[in-house]
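See structure below.
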Amino acid sequence: MAVKNTLAASVQCKKGRLYAVIQIKENGKSKSVWRTLNLPEGSNKTKIQKAYREVVSNFEQEYTTMLARKDRSNADISIFEYMCAYLKRAEQELQLNTRRSYRNMIYGKIQLYFNKHPQITIENITPKDINKFYEYLFSDGVKANTVIHYHAILHRAFKQAFKDELIDSNPFDRIERPKKNKFQGENYTEAELVELLERSRTDPLYPAIMLAGGLGLRRSEALGIRWSRIDWEQKTVLLDTKIVESGEAGASPIPIEEMKNKSSRRTLPLPDPVYEMLLNEKEKQAVYKKMFKSSYSREFEDYVCVNQLGELMKPSYVTQHFSELLKRLGMRHIRFHDLRHTFASILIGNEVPLINVSSFLGHSDISTTANIYAHLDKAGKQVGADVITDIFKKK
C-alpha cells in the first residue's frame, strides 16, 4: 500500500525538465525545495505521477531525519542519520543506479542495524563496531561482494565527515575491507555460441543475444543500442546510452545517456553477423509499425531492442527470458552476462592482445581485463616462453 505524501508539493517545469517543488517550514518561514523527477517536459502522465510520489516520499524521509537531529551536535548523531544527510549531499553526483543502490542500503540494513544501536554515533564508532556490523550482514545472508559495497559507501561517507572536521580520523581506515568472492562465469565455447545464435533467430531476445555475444556488450549497453548511433557506411556503432530499471512495478525502463565510465562510451566496428542482424531487425520493426499502427509505441523507435509493440525491453525480462530460452533449447545454462565473457574468451583464445580486448569491452583500465581474463591468455604466456627458449638456443 502506497504511503500518502504529507508535505505540500506540486510538479513544475524548468528549462524543459520536470521537478517536484516541495513546501517546508524553515525558521518559521515557508521555503520551496526543488527535486528533479529525471523526466523531460511532456512525459507520460503515469510516469510523472510515479516519479513525483517517489521523489516526494524520499524527501519526506530526509526531512524527518533532518528535523530529528536538529539542535544536536553534528558529531553526536547516529550512523543512520548521518548517512541520510550524506546521501542528500552526494546524490546529485551519483548515477541513477548508484543512487538507488545507496538509498536501499541506507534505508535498509544500515537503518535496521544502527537504529538498534543508537549509542553508536559518527563520533564514537570504533573498528570493533564496524566489524560487528559486517558480522551482522554476513549472518543475515549478505554475500561478501555486497558487504564490500556497504564498506565502500560507509568509508566514503566518513571520509567526507573527516574533511568536514566532524571527526578526527576515519575509523574505516583502520579495518581491512572484506574479502571479495572470486566468481568465474560459465562461458560458452565458439561452437555453443554459434549454435545459440542459430537456434534463437526467431526469439524476440535474438538482437540482444547477438549484441552481447557478437560485440561483448553489457546487458544495459545492448538494450541501449540506438539506430541513430549506427553508421551504416562505416559499419560502426556508438555506445552512449544504457537502459536501467525504473524501480517502479509495471513502469517502463529508463534510457540514460551516461555510461558506467568514460571508457564505456565507445565506438565499435560491427562484425558482419551483427550488421546483418541490425538490417533485418530494422526491416522487421518497419513491418510491425505498419501492422500495429497506433498501437505501436513511437516513444522508443530509435532503439533496436524493443518488442513487437515498440516497447523497451526491461533488463530483468532479458535475464529471466534468457534463462527460459536456454532451458527450452536444451542448452547448457549460463547467465546473460556470460555472453560478454564468452565474447572476450573467444577473442583471447584467438590471440587478440588483452589491450585490444579491453578497449572493445570498455574497461576503464587494462588491469580490469587482466584480472578477469589473464588465465585465458595462453598465447601471451607462450610468447614469453618462446623468448626464453630462443635466448637459450642462441647460447
Side-chain angles (χ1 to χ4, degrees), residues 2-7 20 22 24-26 33 35 53-178 247:
V3 179
K4 185 177 180 182
N5 296 326
T6 56
L7 292 175
I22 310 163
I24 64 171
K25 289 283 187 180
E26 193 171 276
V33 177
R35 288 288 184 270
R53 286 195 298 270
E54 181 181 3
V55 167
V56 175
S57 177
N58 288 340
F59 177 80
E60 286 180 340
Q61 287 181 317
E62 297 167 2
Y63 188 59
T64 301
T65 301
M66 181 186 72
L67 293 178
R69 65 182 177 85
K70 194 173 181 182
D71 298 327
R72 292 169 59 185
S73 166
N74 282 335
D76 189 33
I77 62 174
S78 73
I79 305 301
F80 169 63
E81 290 172 341
Y82 176 71
M83 294 305 295
C84 291
Y86 170 75
L87 177 62
K88 179 181 177 182
R89 178 175 178 175
E91 62 182 353
Q92 296 303 320
E93 301 174 2
L94 303 174
Q95 291 190 11
L96 178 62
N97 272 4
T98 305
R99 187 162 64 243
R100 189 176 292 150
S101 174
Y102 278 20
R103 181 172 293 280
N104 289 341
M105 286 190 285
I106 291 171
Y107 286 95
K109 295 191 183 300
I110 289 177
Q111 178 181 16
L112 187 64
Y113 181 83
F114 286 105
N115 277 3
K116 290 180 180 178
H117 301 82
Q119 75 281 4
I120 302 176
T121 69
I122 67 165
E123 186 177 39
N124 65 23
I125 189 171
T126 65
K128 185 177 180 180
D129 295 324
I130 297 168
N131 284 321
K132 281 187 176 181
F133 172 59
Y134 292 164
E135 288 172 9
Y136 154 76
L137 293 176
F138 281 120
S139 67
D140 204 36
V142 178
K143 295 188 181 297
N145 292 355
T146 305
V147 177
I148 289 174
H149 291 313
Y150 278 94
H151 175 81
I153 181 178
L154 286 162
H155 187 279
R156 195 171 295 127
F158 275 74
K159 184 178 180 180
Q160 186 61 55
F162 174 69
K163 287 182 178 179
D164 292 338
E165 298 183 348
L166 298 179
I167 54 179
D168 295 329
S169 64
N170 186 345
F172 288 85
D173 287 334
R174 296 161 59 194
I175 65 168
E176 290 188 15
R177 193 186 80 159

For residues 104-113, the salt bridge (Lys or Arg N to Asp or Glu O under 4.0 Å) pairs (sequence neighbours left out) are Lys109-Asp140
query = Yes or no on side-chain contact (heavy atoms from CB on, under 4.5 Å) for Leu154 and Ile110, after CA distance, side-chain angles and deciding distance?
reply = CA-CA 10 Å; Leu154 286 162; Ile110 289 177; 4.2 Å; yes
To the nearest 0.5 Å, atom CD of Glu123 lies from atom CG of Leu166 at 9.5 Å
Smallest heavy-atom separation, Pro171 atom then Pro127 atom, equals O-CG, 4.2 Å
### Query
Any side-chain heavy-atom pair from Ile153 and Leu87 closer than 4.5 angstrom?
no
### Task
Output yes when a side-chain donor or acceptor of Asn131 lies under 3.5 Å from a complementary backbone atom of Lys128, and no otherwise.
no
What one should report as the nearest heavy-atom pair of Gln119 and Asn124 is O-ND2, 3.1 Å
task = Please examine the side chains of Leu112 and Tyr136, heavy atoms only from C-beta on, and report whether any two atoms are closer than 4.5 Å.
result = yes
Nearest heavy-atom contact between Ile175 and Tyr134 is CD1-CE1, 3.6 Å
The reported gap from CD1 in Ile125 to CZ in Phe172 (rounded to nearest 0.5 angstrom) is 5.0 Å
Smallest heavy-atom separation, Asn170 atom then Lys159 atom, equals ND2-N, 3.4 Å
Nearest heavy-atom contact between Phe138 and Val142 is CD2-O, 3.6 Å
Rounded to the nearest 0.5 Å, the CZ atom of Arg89 sits from the OH atom of Tyr82 at a distance of 7.0 Å
Is the distance between the ring centroids of Tyr113 and Phe133 under 6.0 Å? yes
Here the gap from Met83 atom CE to Tyr86 atom OH, rounded to the nearest 0.5 Å, amounts to 7.0 Å
Worksheet item: Step by step, would you call Asn104 with Ser101 a side chain to side chain donor-acceptor pair (under 3.5 Å)?
Response: CA-CA 5 Å; Asn104 289 341; Ser101 174; over 6 Å; no
| Going by heavy atoms in the side chains, are Tyr102 and Glu91 under 4.5 Å from each other? | no
In this structure, CZ of Phe59 is separated from CD1 of Ile22 (nearest 0.5 Å) by 5.0 Å
Q | Side-chain heavy-atom pair Ile79, Ile122 within 4.5 angstrom cut-off | A | yes
Taken in chain and number order and not counting sequence neighbours, the residues that satisfy ring-ring contact (aromatic ring centres under 6.0 Å, His included) with Phe162 are none
dist Leu137:CG -> His149:NE2 (nearest 0.5 Å) comes out at 12.5 Å
